[in-house]
Engineer: 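Quick one: this structure, given as C-alpha cells, is what I'll be asking you about.
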Amino acid sequence: AGVVEAQGREVNGSTVYDLEYAVHLEDRDRHELGTGVVNRGRLYTLATSVNEDRWAKVGDLCGRVVRSLTLLI
C-alpha cells in the first residue's frame, strides 16, 4: 500500500485524521479512504475501499462518506 494523501482536521474539538491510499494486490488494484479519531482513550475509524477501475465514478462519494465521521460525545 502507498499513501496518496494524509491530513488532519478539527471536528468538535477533536483532531480527525484522513488517509487516502492505493493498494496494489496481485490480482487487482484498490483505492481506499479512511479516517480516524481518538476520544477519551477510544479509537474510532471509518474506511471505504473500491476497485481502482470504479474510483473515478465513486471516489467523490467515498470522500463524502469518510468526511462525515463526527463524534457526538
Side-chain angles (χ1 to χ4, degrees):
V3 175
V4 175
E5 185 177 353
Q7 62 184 12
R9 58 187 164 91
E10 290 294 317
V11 177
N12 297 334
S14 297
T15 302
V16 178
Y17 298 96
D18 298 325
L19 300 170
E20 177 179 353
Y21 47 100
V23 177
H24 304 288
L25 302 172
E26 189 174 304
D27 60 339
R28 67 190 174 281
D29 292 334
R30 299 192 65 78
H31 205 105
E32 305 197 9
L33 296 178
T35 192
V37 61
V38 175
N39 183 277
R40 297 180 185 177
R42 294 181 185 230
L43 172 64
Y44 299 89
T45 63
L46 177 64
T48 64
S49 179
V50 65
N51 285 329
E52 193 65 41
D53 295 341
R54 293 193 35 82
W55 178 249
K57 184 172 184 175
V58 298
D60 185 57
L61 174 62
C62 291
R64 288 192 313 248
V65 169
V66 166
R67 288 187 301 274
S68 74
L69 178 67
T70 58
L71 293 178
L72 303 175
I73 299 172

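All residue numbers refer to positions in the sequence shown, counting from 1.
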Engineer: If you look at every heavy atom in Val65 and Ser68, which pair is closest and at what distance?
Structural biologist: O-OG, 2.5 Å
Engineer: Side chains of Val37 and Thr35: does their closest heavy-atom pair fall under 4.5 Å?
Structural biologist: no
Engineer: If you take all heavy atoms of Ala22 and Val4, which pair is closest and at what distance?
Structural biologist: N-CG2, 3.9 Å
Engineer: Could you walk me through whether Glu52 and His24 pass the side-chain hydrogen bond (donor to acceptor under 3.5 Å, both in side chains) test, one step at a time?
Structural biologist: CA-CA 9 Å; Glu52 193 65 41; His24 304 288; over 6 Å; no
Engineer: Can you find a pair of side-chain heavy atoms, one from Thr15 and one from Tyr17, that are under 4.5 Å apart?
Structural biologist: yes
Engineer: Using only atom types and a distance under 3.5 Å, with no angle test, would you say the side chain of Arg30 pairs donor to acceptor with the backbone of Ser49?
Structural biologist: yes
Engineer: What residues form a side-chain hydrogen bond (donor to acceptor under 3.5 Å, both in side chains) with Arg9, not counting sequence neighbours?
Structural biologist: Asp18
Engineer: Connecting only ILVMFWY residues whose side-chain heavy atoms lie within less than 4.5 Å of each other, what is the rest of Trp55's hydrophobic cluster?
Structural biologist: Leu33, Val50, Val58, Val66
Engineer: Taking a hydrophobic cluster as the set of Ile, Leu, Val, Met, Phe, Trp and Tyr residues connected by side-chain heavy atoms closer than 4.5 Å, whether directly or through intermediates, do Val11 and Leu43 fall within one such cluster?
Structural biologist: no
Engineer: State, yes or no, whether a side-chain contact exists between His31 and Glu20 at a heavy-atom distance under 4.5 Å.
Structural biologist: yes
